[in-house]
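Model, not experiment: these values are computed from the prediction. Every chain is numbered from 1, with letters handed out A, B, ... down the list of sequences.
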Amino acid sequence: MKIKKFVELNQVTKRYDNLTAVDKLSFSVDEGDIFGFLGPNGSGKSTTIRMMLSLVRPTSGVISMFGYDIRTHRQQVLSNIGALIERPDFYDYLPAKKNLEIFGTLSHTPNLNYRIDETLELVGLKDRAKSKVKTYSQGMKQRLGIAQALLHQPKMIILDEPANGLDPQGLKEMRELIKTINKDKKITILLSSHILSEIEEMANRMVIINKGASVAEGRVNDLLNENKMHVTFETGAIAKAIAHLQQTKWKNHLINHNSNTLTMNLQKEEIPEVTGLLIQKQIPVFAIKPVRSLENYFLKITRNA
Amino acid sequence: MRNLLYTELYKIFSKARTYIGFIAVFVIVSALEAGLYFEGAQILDFAIQHLKERFIFEGTLINANLITHIILNSLFIHIPFLVALVTGDLLAGEANAGTFRLLLIRPVSRTQLLTAKFLAGWIYMLSLMVFMFAFSISLGYSIFGPGDLIVLKGTINIFAADNVLWRFIAAYGFGILTMTTVSALSFMLSAFSENSVGPIIGTIAIIIGITIISTVGFSLMKPVNPYLFTYYLSSWQLFFEPEINTAKLYMAIVVQIIYTSIFLSITYVYFNKKDILS
């Protein structure tokens with residue numbers, strides 16, 4: 001079966017005067033994906049999403065959604081897409097139901113009243129439908145944001161940092177909701193986040209961007225392959241440990257060290273062997289911290305962002 | 001388009017600020033009519049005391065028509081501000097609230113959205129003008145009753161009671177045209193701004209600024225003045241002259257239409273290309 005490409009970005013660039021916010025970015029989202037769009041804050045995720053939704057014009061490159069060029073078929077694309085971009089801002093002087101009525105009307109939603117009830121029930125806000133949005137908590141606003149994205153039964157929804165401002169319970173509920181929407185409603189999801197664990201938990205495919213450019217793209221399991229790890233050993237005899245390892249087959253696995261830790265490039269199953277070797281030579285090992293190489297890389301670019 | 005217009009009207013009339021205009025008109029008209037009820041006779045006596053030496057006045061000069069005319073004079077100073085209060089918020093308010101991000105990802109064109117927003121703002125302005133006219137004249141009739149209208153503007157013009165209503169309707173009609181230009185101006189400024197304070201103050205500053213420059217630098221501005229929209233903001237007074245200066249009236253109408261078209265064209269071109277970063 002041929003996989004449908006719902007989104008294709010080809011060499012998309014956005015410049016603001018001298019600042020390049022997005023730099024020749026290319027990636028694709030397949031039908032049925034929960035696609036992770038990962039990058040540190042300020043890496044160009046929101047700008048990319050705004051270009052996909054025609055809020056911002058690309059400087060160059062092509063964005064195709066459902067086979068249509070967004071520049072020439074804006075209305076066809078937007079009929080099939082729902083989105084929540086950054087904060088869930090609503091007309092807070094109006095009730096939630098009225099907000100959904102406004103957005104549903106503009107999206108030409110059939111059976112609007114029924115859809116509003118159904119969507120509010122899905123996101124757990126049916127009891128608060130008549131409350132003004134200004135009385136809502138951040139978590140409730142996020143859920144209402146998802147409701148407005150789902151209202152017109154789009155083929156795909158784009159959620160930009162949906163976990164922002166949520167407490168742990170709200171975060172858990174949000175993740176459950178996103179999985180339910182993808183699994184039960186068969187809606188493709190593009191999920192933007194700066195938190196690797198969030199993407200890892202929910203997405204099947206992902207792209208990592210940094211400074212507007214793609215760093216890695218592929219299946220989450222492949223990219224976060226547990227066999228490629230940076231393992232840090234904390235020891236009380238660092239010089240002795242390095243000297244000993246230099247005489248073994250592990251000498252090429254050493255990456256760096258400081259006064260009490262050394263980091264090695266190892267596969268998961270090699271960790272016990274190296275640990276045993278150190279202990280055998282009476283080198284005390286206080287802690288072992290394995291970090292997957294991509295995670296390590298992501299942490300590094302996040303720190304530099 | 002009908003649905004778009006309905007949603008925009010719903011938003012406008014759900015906001016508290018929309019009713020500031022109606023409340024202001026209600027308070028100002030009521031206060032003026034109450035003041036004139038108690039002290040109008042003395043004020044009018046003072047205003048026409050030199051005329052009384054040469055003319056004999058019969059009947060009640062303070063009547064609904066005079067009151068409506070006085071209110072028209074005083075309120076036309078405030079109306080641009082009350083109009084800009086809503087029309088200046090139409091686009092900037094969405095940017096400020098962050099709702100553009102949800103509004104402009106719908107399958108409607110920005111041109112359609114702008115049209116619906118401007119029409120909704122225009123309907124608000126129209127309703128404010130109709131309210132002002134209906135309230136001032138009905139309150140005037142119920143308190144003071146009908147009578148001939150005396151207009152003091154350089155000369156003294158007296159219009160028979162049965163020759164006044166059409167003049168008020170025409171004056172308000174012209175007023176609606178000038179306020180359409182004011183709406184278009186604040187709408188344009190609203191497209192450039194991320195908060196509604198700027199467009200509201202900007203609109204008033206432009207009107208007052210150009211009016212001051214036109215008045216103070218009169219000799220320098222004389223050739224330019226007929227081409228400024230602000231020059232005609234008080235041209236509704238043309239309808240309270242014995243013979244209407246049709247040449248000036250046509251010029252006023254053409255200038256207002258041209259300025260409205262320019263302001264709206266700039267808004268459409270700019271907003272259709274605008275990156276939504278709010």
Side-chain angles (χ1 to χ4, degrees), chain A residues 14-16 21 46-47 49-59 68 70 73-95 98-109 112 132-134 141 144-145 147-149 151-152 154 157-158 160, chain B residues 1-20 85-86 89-117 119-121 124 191 194-196 268-278:
Chain A
K14 178 65 187 179
R15 284 193 202 93
Y16 296 104
S46 292
T47 305
I49 288 172
R50 283 170 192 255
M51 286 193 285
M52 291 166 71
L53 294 165
S54 84
L55 291 172
V56 167
R57 288 171 167 241
T59 307
Y68 296 112
I70 183 76
H73 294 80
R74 181 180 171 274
Q75 298 198 28
Q76 285 96 323
V77 169
L78 295 181
S79 297
N80 290 310
I81 209 157
L84 174 61
I85 310 159
E86 295 178 29
R87 293 188 321 273
D89 290 316
F90 288 92
Y91 303 108
D92 59 4
Y93 53 92
L94 296 176
K98 197 70 212 178
N99 269 280
L100 293 186
E101 220 174 286
I102 288 172
F103 296 122
T105 302
L106 298 184
S107 295
H108 316 301
T109 310
L112 184 56
K132 287 187 177 176
V133 175
K134 63 182 167 193
K141 282 183 186 174
L144 186 61
Q148 65 74 32
L151 196 61
H152 55 294
I157 59 170
I158 295 176
D160 186 11
Chain B
M1 191 62 196
R2 203 179 56 189
N3 285 340
L4 260 178
L5 182 59
Y6 167 76
T7 57
E8 288 306 322
L9 281 170
Y10 189 90
K11 281 191 271 180
I12 286 179
F13 285 97
S14 298
K15 280 186 178 179
R17 71 163 63 204
T18 304
Y19 298 96
I20 293 173
L85 199 63
V86 169
D89 185 56
L90 286 171
L91 296 170
E94 300 270 7
N96 190 34
T99 43
F100 265 148
R101 294 197 306 273
L102 294 181
L103 201 60
L104 295 176
I105 58 170
R106 308 290 150 189
V108 288
S109 71
R110 290 192 187 188
T111 301
Q112 283 176 307
L113 190 77
L114 284 174
T115 307
K117 279 191 170 292
L119 278 177
Y124 157 77
E194 300 284 306
N195 74 73
S196 50
Y268 277 82
V269 170
Y270 174 76
F271 194 77
N272 269 305
K273 289 181 177 177
K274 186 182 182 181
D275 282 344
I276 304 299
L277 303 172
S278 59

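- Only the side chain of A:L94 comes within less than 4.5 Å of a heavy atom in chain B; its backbone stays farther off.
- With respect to chain B, the highest number of heavy-atom pairs below 4.5 Å among A:E86, A:K98, A:Q76 belongs to A:K98.
- Atoms OG and CD1, on B:S14 and A:I102 in that order, are 7.0 Å from each other to the nearest 0.5 Å.
- Residue contact with chain B, scored on non-hydrogen atoms closer than 4.5 Å, involves the side chain of A:R74 exclusively.
- Residue B:Y268 qualifies as enclosed at atom OH: its count of foreign heavy atoms under 6.0 Å is above 12.
- Heavy atoms closer than 4.5 Å to chain A are found in the side chain of B:Q112, but not in its backbone.
- For the residue pair B:I276 and A:R50, the shortest heavy atom distance occurs at O-NH1, 2.5 Å.
- Contact annotation: the side chain of A:Y93 approaches that of B:K11 to within less than 4.5 Å [non-hydrogen atoms, C-beta and beyond].
- Only the side chain of B:Y10 comes within contact range of chain A, judged by heavy atoms closer than 4.5 Å.
- A 6.0 Å sphere centred on CZ of A:R87 holds no more than 12 heavy atoms belonging to other residues, nucleotides or ligands.
- If you measure heavy-atom distances from B:K274 to chain A, the contacts under 4.5 Å come from the backbone alone.
- Put simply, CG on B:L102 and CG on A:N99 are 8.5 Å apart, with the number rounded to the nearest 0.5 Å.
- Inter-residue side-chain proximity for B:L277 and A:V56 is flagged as met; some heavy-atom pair is nearer than 4.5 Å.
- The candidate from A:L84, A:D89, A:L53, A:T47 with the greatest count of non-hydrogen atom pairs under 4.5 Å with chain B is A:D89.
- To the nearest 0.5 angstrom, B:L104 atom CG is 7.5 Å from A:S54 atom OG.
- Annotation: side chain of B:L103 is in contact with side chain of A:L106 (closest heavy-atom distance under 4.5 Å).
- In this structure, CZ in A:F103 is found 8.5 Å from CD1 in B:I105, a value given to the nearest 0.5 Å.
- Both the backbone and the side chain of A:F90 come within less than 4.5 Å of a heavy atom of chain B.
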- Might you work through the side-chain contact (heavy atoms from CB on, under 4.5 Å) test for B:D275 and A:Y16, ending with a clear yes or no? CA-CA 10 Å; B:D275 282 344; A:Y16 296 104; 3.9 Å; yes

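- Counting only heavy atoms from C-beta outward, the side chains of B:V108 and A:H108 approach each other to under 4.5 Å.
- Considering every non-hydrogen atom in both B:R101 and A:I85, the closest pair reads NE-O, 2.9 Å.
- Between the side chain of B:R106 and the backbone N or O of A:S107, no donor-acceptor pair lies under 3.5 Å.
- Using a 4.5 Å cut-off between heavy atoms, A:R57 contacts chain B through both its backbone and its side chain.
- Here the side chains of A:T105 and B:Y6 are not in contact, with every heavy-atom distance at 4.5 Å or above.
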